[in-house]
Amino acid sequence: MKRLKVKLKQLIIRLSQVRYMNRAAVLLLDTFLSVFSTLMVILFVRFGLWYKLSLGDSLLLCGVSLVATFLSILAFRTYANVIRYSTLREVWRLLMMVIAKECICVLPICFTDILPHRQLAFFVADFFVAFVVLLCFRIFLLNVYNLIQMSNYSKKKNILIYGIGEDSVTLAQGSTKIYMLDYVVRGFLVKDPKKRRFMLAGMNVYSANSVEELKKVAYTHNIEGILFPTMALAQRSEKTIICMCKELNLRVLVVPNTEEMKGGIVNRSIRHIHIEDLLGREEIQINFKEIGALLQRKSVLVTGAAGSIGSEICRQLAKFDIQQLICYDMGETPMHDLRLELEEKYPRLKFIPVIGDVRSEERLDFVFRAYHPQVVFHAAAYKHVPLMEENPCEAIRVNVYGTRNVADTAVKYGVEKFVMVSTDKAVNPTNIMGCSKRLAEIYVQSLNAAIQKGEVKGVTKFITTRFGNVLGSNGSVIPRFKEQIKQGGPVTVTHPDIIRFFMTIPEACRLVLEAGTMGNGGEIFVFDMGEPVKIADLARRMIELAGFRPDKDIQIKYTGLRPGEKLYEEVLSDKENTKETPHPKINVAAVREYDYWQVLPHVESLTRLSIEVKIPEMVIEMKEVVPEFKSRNSVYEMYDKK
């Protein structure tokens, strides 16, 4: 007996893991049930109405029913629908299929002497019996599937879906999907007490306007979490429901979004909401058609391809119909990881990984000569402010000299568009890194102007994009805070008043692609970064989201501003203004124009000084070329002009 129970349990587990019935099996079962219905009507006519119906006529009726059923099912494809997701539309399709069956049966039977004066009654009876049997078959399968799923509910966590909008109801109706396997939906949660009398998708609607009310609902129904159907709804509810969930230690969950798809396969479960989600904004819409037209069958090169921004640009590009994607980076291991990811997610993409340094003219020349890129996204750069303050020569060699190498090679080989990724730290720079990025901007912008004036032979259009900090990038503040919270604190913040602009990596990269499409050459595009975030508040929110109390369970420690660090970042300097573009989140900065032939000697001089590691002379020249560069909290303040 015990052995039988174990085998039965194993069978139930296997059945619960079956995604859907084989379509051929559904077709055969539907055909059998329809013909069986006809046979039942024949038996009723023969033994209920006592009408003499010969065996030959009975077989003829069954044969006609078989052919008519098969043709009708093929015509309306009732076998193709996944039964457990059936809707009223599918019931309507089933009804039309049975009607079609009867219409096909009419033709051969009406021209015979079978069932004289009773043909209409026979067809009506056959229609009702067939429809009811087929509908009951689907209801039976749906209930069996739900019973199998119920057998596993003891291991699942009870959750409520927040809201009663279309997204919430759709999510509840599809709660057996693969990303819901660890949870069971017990109802809906709203704030409006008037709506708690409602029932949706066969489940109750509960209301909670306070911690006490939510606690009562959670305790009464053994609720362990609240599921948000969209990230936008979660962001709007951060100050209310999410805060209450934190206080009650309820899970705060969200459905995987399109950015979390892996080659079209959804991650296996809904996930917890992270602080990055709450800081992000609603998904920015871009013109995919225009970007697709620009990149159609083009060879595209991405420098710094294995970095946070570069790798996401590669992921975005892989979605378009490009000829080939050339990924250029000096990091072997991250490039290997990127290669495995792209080859798995985009098997049709022609992917060319190249290990190389932007400081190597020879390596760049080979790549351009061998693969002929038509569009370049230049994301290779050193970005960490304190490190570059301590290693200024390397900032110049990579961010300035490296950019010059890539830009000059792009001109040499007739690249159509060159899109450079810059930073808000290039505006009124207070550190070496920011100034090096401003120098790179100046070089590509002046080179673009020289090409347009005919002073330099070439066709390349140079476009620059500026944005602030990206959430979750390598070495950024959020991964560091997470690690510090994991270790029990303290969480270190440089200054109580320091603020930063944040943007998600996919959001920033989509805007880079959009700006690259709309740019005509020479523009510096600046992105709408939204509202600035106080880093101290961010630390507190992350501690709370982890289930701790700031300054009680986990301390926040202020360490002082680091060399070159600002209290706040600017997207535009005081002397700049902007022009609008067709995209509401992108503007064009009106900046000072530089003459290429005046910039070039400075770039060459700075490169030579960086190679010779003559730091004072190099910093002085940087401040000469970029007069708004004023060092802050740095040893280089002594070189600022008073």
Is the shortest heavy-atom distance from the side chain of [X] to the side chain of [Y] under 4.5 Å?
X: Leu189; Y: Ile164; result: no
X: Val421; Y: Ile313; result: yes
X: Tyr162; Y: Leu227; result: no
X: Tyr558; Y: His495; result: no
X: Phe525; Y: Thr581; result: yes
X: Met518; Y: Glu290; result: no
X: Leu342; Y: Leu325; result: yes
X: Leu134; Y: Met97; result: yes

Worksheet item: Do the side-chain N and O atoms of Thr492 and Gln484 include a donor-acceptor pair separated by under 3.5 angstrom?
Response: yes

Any idea which heavy atoms bring [X] and [Y] closest together, and the distance?
X: Thr465; Y: Ala515; result: CG2-CB, 3.7 Å
X: Met244; Y: Ser210; result: SD-C, 3.2 Å
X: Arg186; Y: Met203; result: C-SD, 4.1 Å
X: Ile556; Y: Pro550; result: CD1-CB, 4.5 Å
X: Ala539; Y: Val493; result: CB-CG2, 4.1 Å
X: Gly310; Y: Val302; result: O-CG1, 3.9 Å

From [X] [atom1] over to [Y] [atom2], what is the distance, rounded to the nearest 0.5 angstrom?
X: Leu29; Y: Phe137; atom1: CG; atom2: CZ; value: 4.5 Å
X: Ser207; Y: Glu213; atom1: OG; atom2: CD; value: 6.0 Å
X: Leu349; Y: Arg315; atom1: CG; atom2: CZ; value: 13.0 Å
X: Asp337; Y: Ser311; atom1: CG; atom2: OG; value: 10.0 Å
X: Asp424; Y: Lys437; atom1: CG; atom2: NZ; value: 11.5 Å
X: Asn431; Y: Leu387; atom1: CG; atom2: CG; value: 12.0 Å

Practice prompt. Report the C-alpha separation of Leu214 and Tyr206 in whole Å, then their side-chain angles, then the decisive distance to 0.1 Å, and conclude whether the side-chain contact (heavy atoms from CB on, under 4.5 Å) test is met.
Written response: CA-CA 9 Å; Leu214 182 57; Tyr206 304 98; over 6 Å; no

Would you confirm whether [X], through its side chain, and [Y], through its main-chain N or O, come within 3.5 Å as a donor-acceptor pair?
X: Thr423; Y: Ala426; answer: no
X: Asn209; Y: Lys191; answer: yes
X: Thr220; Y: Val217; answer: no
X: Glu523; Y: Gly519; answer: no
X: His384; Y: Pro386; answer: no
X: Asn158; Y: Glu224; answer: no
X: Asn633; Y: Leu561; answer: yes

Item to complete: Might you work through the side-chain contact (heavy atoms from CB on, under 4.5 Å) test for Ile463 and Met420, ending with a clear yes or no?
Response: CA-CA 6 Å; Ile463 297 146; Met420 187 184 105; over 6 Å; no

Worksheet item: Does a side-chain N-to-carboxylate-O contact under 4.0 Å join Glu514 and Arg510?
Response: no

Discussion item. Looking at Arg480 and Glu483, is there a salt bridge between them, counting it only when a charged N and a carboxylate O are closer than 4.0 Å?
Written reply: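 No, no charged N to carboxylate O under 4.0 Å.
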
Practice prompt. Would you please classify the geometry between the Phe467 ring and the Phe527 ring as parallel, tilted or perpendicular, with 30° and 60° separating the classes?
Written response: parallel

Practice prompt. For Ile524 and Ser422, run side-chain contact (heavy atoms from CB on, under 4.5 Å): C-alpha distance rounded to whole Å, both residues' side-chain angles, the deciding distance at 0.1 Å, then the answer.
Written response: CA-CA 9 Å; Ile524 293 181; Ser422 189; over 6 Å; no

Discussion item. Would Ile543 and Val491 count as a side-chain contact (heavy atoms from CB on, under 4.5 Å) here? Give the steps.
Written reply: CA-CA 9 Å; Ile543 293 169; Val491 173; 4.0 Å; yes

